[in-house]
Student: 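Attaching a single structure in structure tokens format; questions to follow.
Letters go in sequence order (proteins before strands), and every chain restarts at 1.
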Number of protein chains: 2
Amino acid sequence: MTHNDAPGSKIPMVVIKRLPVYQRYLSELQKKEVERISSGELAAKIGITASQLRHDLSCFGNFGQQGYGYKVDDLLFEVNKILGLDHNIYMVLIGAGNLGRAVLSYPNFLSRGFIFKAAFDQKQPPVNLNIEGILVQPVRELESYLKEQLIDIGVITTPAANAQEIADILVAGGVRGIWNFAPISLKTPENVVVEHVHISESLLVLSYQLCHKGFGRLPVSY
Amino acid sequence: MTHNDAPGSKIPMVVIKRLPVYQRYLSELQKKEVERISSGELAAKIGITASQLRHDLSCFGNFGQQGYGYKVDDLLFEVNKILGLDHNIYMVLIGAGNLGRAVLSYPNFLSRGFIFKAAFDQKQPPVNLNIEGILVQPVRELESYLKEQLIDIGVITTPAANAQEIADILVAGGVRGIWNFAPISLKTPENVVVEHVHISESLLVLSYQLCHKGFGRLPVSY
DNA sequence: CTAACTTTGTTAAAAAAATAACAATCTTTA
DNA sequence: TAAAGATTGTTATTTTTTTAACAAAGTTAG
């Protein structure tokens, strides 16, 4: 047992970014009621090497059994715990346009412990406008709302022009993380974690690949 | 001049994934009418090393001038060309729900040459339903539409249950790339490029970081 | 025009990540 | 219960990626 959970120890970001992938495949297996899986089988499904999978997991602990593999339920439980999905995470969303509604109605949030407590929009929303069971309130209520409720993550789906202002309110209101869909870099204190979703980046990568096909093999090494 | 544009040469995927970032910052500079920039300045803005920026660019050519730096216009032009943004890319979207509408109305697509030619939805759309100037047609028209129009990329924003069926129609209709937002792995021939957008992955990374804050420093190395 | 700067592209070195190898040990089968 | 087989966790090796260093070449200022 040499896994890295000591204070100050560093887990590489490349490893952390693969955890959600493991979580997804394990959830699928659990849904199919598969009981056990070996690193070789799971890695093949994901499209990586068994070595990498075992190496990644060993950053966090020893979850397998020699000669047997991993119990799907147990490994998923552990991965969920690592990702912080073993307890509820409360969120608010600001910007109830198309994108905001899409995020609010994204499936599999609830089942993973992400709970939208409220949604806000700039325009005075129609009285009792409900999206996916969430009441949409005018954004001027956000500040006072955050004083009363403990919210972990603020989700910004407003136009870029309003995003910084919203971020400031969220930070002042005590959120610890911001999931930002607005195409603008937010300025926040160091203790607030921001994840910026750049949807179009993958479209440009797709464009690149289309553009550079046909030279024998793809000029891409993964 | 030793850059890599020979047939069969391989550009690392990590490099390709940074190109959209360069594109974005360069676009911003151009909008601000900045004429020239050095690798040091640009790298600082982006948050990488100058060395890495120059190294990445050198995969594709020599775009700078010693003692001067890069002309913003020229470098953006070159990066756009590398990404295939120097000509129009025609797209159709299937699934005109909240997510589909959000994608259709995403800003900066047109300016980069991405053009939605049509949108389709499972349900019989209201007569002449227009979203962002795009007529939404019933999805049974998709197959015949693709026979008449040359479409590069199909964008799937349907529920997971319909995604594979749509992908099959797109492939049969001759699209070369699929931008898939449905949470399901698509089976496609090798010559069709698929980019799968896993929106929630970055939320899980955010959750991880929130969960592991406070041990002195973040247990994350970037 | 010259000399002092600046900045690139490239090569070399260092660091990080992925893969391979294998002892340890658990499972399965007979 | 014992032997054969399977699979992990870990260490070693290889590969990839990042960073550093620097000669070459252009710029700027006087």
Student: Starting at CG of A/L42 and ending at P of D/dA6, how long is that distance when rounded to a whole Å?
Tutor: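 It works out to 19 Å between those atoms.
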
Student: Rounded off to whole Å, could you give me the NZ-to-C1' distance for the B/K71 and D/dG26 pair?
Tutor: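 From B/K71 NZ to D/dG26 C1': 12 Å.
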
Student: Nearest-Å distance, CD1 (A/I46) to P (C/dA18)?
Tutor: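 The distance from CD1 of A/I46 to P of C/dA18 comes to 13 Å, rounded to the nearest Å.
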
Student: Under the side chain to side chain donor-acceptor pair (under 3.5 Å) test against A/E201, which residue among B/R18, B/K17, B/R24 passes?
Tutor: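 With A/E201 as partner, B/R18, B/K17, B/R24 yield a single side chain to side chain donor-acceptor pair (under 3.5 Å), made by B/R24.
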
Student: Donor-acceptor check, side chain of A/R101 to backbone of B/N98, threshold 3.5 angstrom: yes or no?
Tutor: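 Judged by distance alone, no pair lies under 3.5 Å.
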
Student: Nearest whole angstrom, please: distance from the C1' of D/dA25 to the CG of B/N62.
Tutor: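 B/N62 atom CG is separated from D/dA25 atom C1' by 12 Å.
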
Student: If you measure from the Lys or Arg side-chain nitrogens to the Asp or Glu carboxylate oxygens, is any gap between B/R176 and B/D152 under 4.0 Å?
Tutor: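 So B/R176 pairs with B/D152 through a salt bridge.
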
Student: When the distance from CZ of A/F63 to P of D/dT10 is rounded to whole Å, what number comes out?
Tutor: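 The answer, rounded to whole Å, is 11 Å.
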
Student: Between B/Y70 and A/R18, just flag the one whose closest nucleotide in DNA chain C comes earlier from the 5' side.
Tutor: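 Final value for this comparison: B/Y70.
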
Student: Which letters describe nucleotides 19-29 of chain C, given B = protein heavy atom under 4.0 Å from base, S = only from sugar-phosphate, - = neither?
Tutor: BBB--BBBSS-

Student: Quick one: A/M13 CE to D/dT18 P, roughly how many Å, whole number?
Tutor: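 Nearest whole value for this atom pair: 14 Å.
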
Student: Without hydrogens or angle criteria, can the side chains of B/Q52 and B/D56 be said to hold a donor-acceptor pair below 3.5 Å?
Tutor: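 Their side chains do not contain a donor-acceptor pair, so the 3.5 Å distance test is not met.
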
Student: Indicate whether any N or O donor in one side chain lies under 3.5 Å from an N or O acceptor in the other, for B/R112 and B/Q23.
Tutor: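 A donor-acceptor contact under 3.5 Å links the two side chains.
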
Student: Tabulate protein N/O versus nucleotide N/O from nucleotides 1-3 of chain D, keeping only pairs under 3.5 Å, one per line.
Tutor:
none

Student: Provide, to the nearest angstrom, the distance between the CG atom belonging to A/L57 and the P atom belonging to D/dT10.
Tutor: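 One finds 11 Å between P of D/dT10 and CG of A/L57, rounded.
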
Student: Would you mind telling me which residue lines up with the more 5' stretch of DNA chain D, A/G64 or B/D56, judged by nearest nucleotide?
Tutor: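 Nearest-nucleotide comparison on DNA chain D picks A/G64.
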
Student: Distance to the ring centre below 6.0 angstrom and angle to the axis at most 45 degrees; does that hold for B/K45 and B/Y25?
Tutor: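 Pair B/K45/B/Y25 does not count as cation-pi.
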
Student: Give a yes or no on whether a salt bridge exists between A/K81 and A/E78, defined as a side-chain N under 4.0 angstrom from a carboxylate O.
Tutor: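 Judged by the 4.0 Å cut-off on N to carboxylate O distance, A/K81 and A/E78 do form a salt bridge.
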
Student: Take atom CD1 of B/I11 and atom P of D/dT17, then tell me their distance rounded to the nearest Å.
Tutor: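 Computing the B/I11:CD1 to D/dT17:P distance gives 11 Å.
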
Student: Examine distances only and state if a side-chain atom of A/S200 and a backbone atom of A/L203 form a donor-acceptor pair shorter than 3.5 Å.
Tutor: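 Side chain of A/S200 to backbone of A/L203, a donor-acceptor pair under 3.5 Å: no, none is there.
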
Student: So does A/A182 get a backbone contact from the side chain of A/H196, meaning a donor-acceptor N/O pair under 3.5 Å?
Tutor: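 Judged by distance alone, yes, a pair lies under 3.5 Å.
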
